[in-house]
Participant: 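Dumping the structure here so I can ask a few things about it.
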Amino acid sequence: MSTGELLSIEPLELKFPFELKKQISCSLQLSNKTDSYVAFKVKTTNPKKYCVRPNTGIVLPRSTCDVMVTMQAQKEAPPDMICKDKFLLQSVKTNDGTSPKDISADMFNKEAGHVVEECKLRVVYVSPPQPPSPVPEGSEEGSSPRGSVSENGPVNGSDFTQAARGFTERTEASEKSAEARALISRLTEEKNSAIQQNNRLRQELELLKREANKNHGGVSFVFVILIGLLGILMGYIMKKT
């Protein structure tokens, strides 16, 4: 803070968080510690680059006034981020009741005998604040899925490889077990179906035997065929099991 006889200025540097192709603003606070009306005027060495609102005004006794300085969007950064632009704030005591529209350039003319207080301000470029690092997806309570730490210390690459290999083997074993269970289930169903068919053939065979006995015990040609089919079916069942 600069403490003059008329106005106190804070801060003494115009700090802009420099970013290309973006308008940037910073503010000054002017404090009048006197019991008089004080007029002020802001000048710059590069008026096309900056917009000052207000660039002239009145600070009432024992009060403050804020001045906003806006830097136009820049297409390129200066070498080493060093800015040579300067500002000059002039202040002068004026009559009570003076309003901003009453301010004239002659009020700040030292040659006319006016006591003008001056304060030079320099421009400083600073790096804009960096956004916080994003939390990786899937992490909980600040822990990252990669680079985790075990209870006994950091986990190295070989541990991850072994864990992945074990997981793969368990998965393959589980898949093979499922295939084996499916095959056993299918064979069991086929066996049950063959047994049911065998039972039906036995029943039909008994009926044919009864009919053959009624027909004087003669063995029919159909009976012989059924006996052959029964033998084939039993052989098929034994092969499957």
Side-chain angles (χ1 to χ4, degrees), residues 1-137 139 142 144:
M1 178 185 296
S2 173
T3 304
E5 295 182 2
L6 299 179
L7 294 180
S8 296
I9 307 166
E10 185 179 6
L12 293 178
E13 295 178 336
L14 293 167
K15 295 184 178 181
F16 293 94
F18 188 85
E19 292 185 62
L20 292 176
K21 300 179 181 179
K22 183 178 180 180
Q23 280 192 348
I24 310 166
S25 300
C26 67
S27 63
L28 296 172
Q29 187 178 73
L30 311 181
S31 300
N32 182 0
K33 303 299 183 180
T34 71
D35 295 324
S36 304
Y37 281 62
V38 176
F40 71 88
K41 183 176 184 179
V42 181
K43 296 181 179 180
T44 178
T45 57
N46 197 342
K48 293 182 179 180
K49 185 177 178 180
Y50 301 95
C51 177
V52 183
R53 291 291 182 273
N55 63 336
T56 60
I58 299 292
V59 186
L60 300 180
R62 306 295 175 180
S63 63
T64 60
C65 176
D66 291 327
V67 176
M68 184 65 63
V69 181
T70 302
M71 182 177 66
Q72 305 302 318
Q74 301 298 300
K75 296 181 179 180
E76 58 182 13
D80 299 326
M81 293 290 287
I82 297 176
C83 182
K84 297 181 180 180
D85 300 332
K86 298 290 190 298
F87 281 79
L88 177 67
L89 188 140
Q90 297 177 308
S91 56
V92 62
K93 187 182 295 185
T94 185
N95 297 327
D96 293 352
T98 303
S99 64
K101 65 180 181 179
D102 298 325
I103 297 175
S104 64
D106 185 64
M107 295 173 62
F108 302 94
N109 188 354
K110 294 181 180 180
E111 296 179 356
H114 298 288
V115 178
V116 181
E117 192 174 277
E118 295 182 340
C119 180
K120 294 181 180 180
L121 309 172
R122 68 189 189 100
V123 176
V124 177
Y125 293 154
V126 296
S127 299
Q130 298 297 323
S133 300
V135 178
E137 294 183 2
S139 64
S144 173

Participant: Decide side-chain contact (heavy atoms from CB on, under 4.5 Å) for Lys33 and Ser8; before the verdict, give the C-alpha distance in whole Å, the side-chain angles of both, and the deciding distance to 0.1 Å.
Facilitator: CA-CA 8 Å; Lys33 303 299 183 180; Ser8 296; 4.1 Å; yes
Participant: Parallel, tilted or perpendicular for Tyr125 and Phe18, by the 30°/60° rule?
Facilitator: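 Correct class here is tilted.
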Participant: Scan the side chains in residues 64-74 for donor-acceptor partners under 3.5 Å anywhere in the protein, sequence neighbours excluded, and list what turns up.
Facilitator:
{"unit_1": "Thr70", "atom_1": "OG1", "unit_2": "Ser25", "atom_2": "OG", "d": "2.8"}
{"unit_1": "Gln72", "atom_1": "OE1", "unit_2": "Gln23", "atom_2": "NE2", "d": "2.9"}
{"unit_1": "Gln74", "atom_1": "NE2", "unit_2": "Gln72", "atom_2": "O", "d": "2.8"}

Participant: With sequence neighbours excluded, give me every salt bridge (Lys or Arg N to Asp or Glu O under 4.0 Å) pair touching residues 41-64.
Facilitator: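 For residues 41-64, and leaving out neighbouring residues, the salt bridge (Lys or Arg N to Asp or Glu O under 4.0 Å) pairs sorted by first residue read Asp35-Arg62, Lys49-Asp85.
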Participant: Using side-chain hydrogen bond (donor to acceptor under 3.5 Å, both in side chains) as the criterion, list what pairs up with Thr94, not counting sequence neighbours.
Facilitator: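 Partners of Thr94 under the side-chain hydrogen bond (donor to acceptor under 3.5 Å, both in side chains) test: Thr98.
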Participant: How many angstroms lie between atom OH of Tyr50 and atom CG of Leu14, to the nearest 0.5 angstrom?
Facilitator: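 Interatomic distance, Tyr50 OH to Leu14 CG, rounded to 0.5 Å: 8.0 Å.
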Participant: Pairs under 3.5 angstrom only: tabulate donor-acceptor contacts from the side chains of residues 100-112 to other protein residues two or more places apart or in another chain.
Facilitator:
{"unit_1": "Asp102", "atom_1": "OD2", "unit_2": "Ser99", "atom_2": "N", "d": "3.1"}
{"unit_1": "Asp102", "atom_1": "OD2", "unit_2": "Ser99", "atom_2": "OG", "d": "3.0"}
{"unit_1": "Asn109", "atom_1": "OD1", "unit_2": "Glu111", "atom_2": "N", "d": "3.0"}
{"unit_1": "Lys110", "atom_1": "NZ", "unit_2": "Glu118", "atom_2": "OE1", "d": "3.3"}

Participant: What pairs of residues pass the ring pair (Phe, Tyr, Trp, His ring centres under 6.0 Å) test when at least one of them lies in residues 60-83, not counting sequence neighbours?
Facilitator: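 Residue pairs with at least one partner in residues 60-83: there are none.
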Participant: Can you check whether Leu6's main-chain N or O pairs, donor with acceptor, with Glu117's side chain at less than 3.5 Å?
Facilitator: yes
Participant: For Tyr37, enumerate each residue passing the ring pair (Phe, Tyr, Trp, His ring centres under 6.0 Å) test, keeping only those at least two apart in sequence or located in another chain.
Facilitator: none
Participant: Any sub-3.5 Å donor-acceptor pair from Asn32's side-chain atoms to Ser36's backbone N or O?
Facilitator: yes
Participant: At what distance, to the nearest 0.5 angstrom, does CG of Leu12 lie from CG of Leu121?
Facilitator: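 Result: 6.5 Å between the selected atoms.
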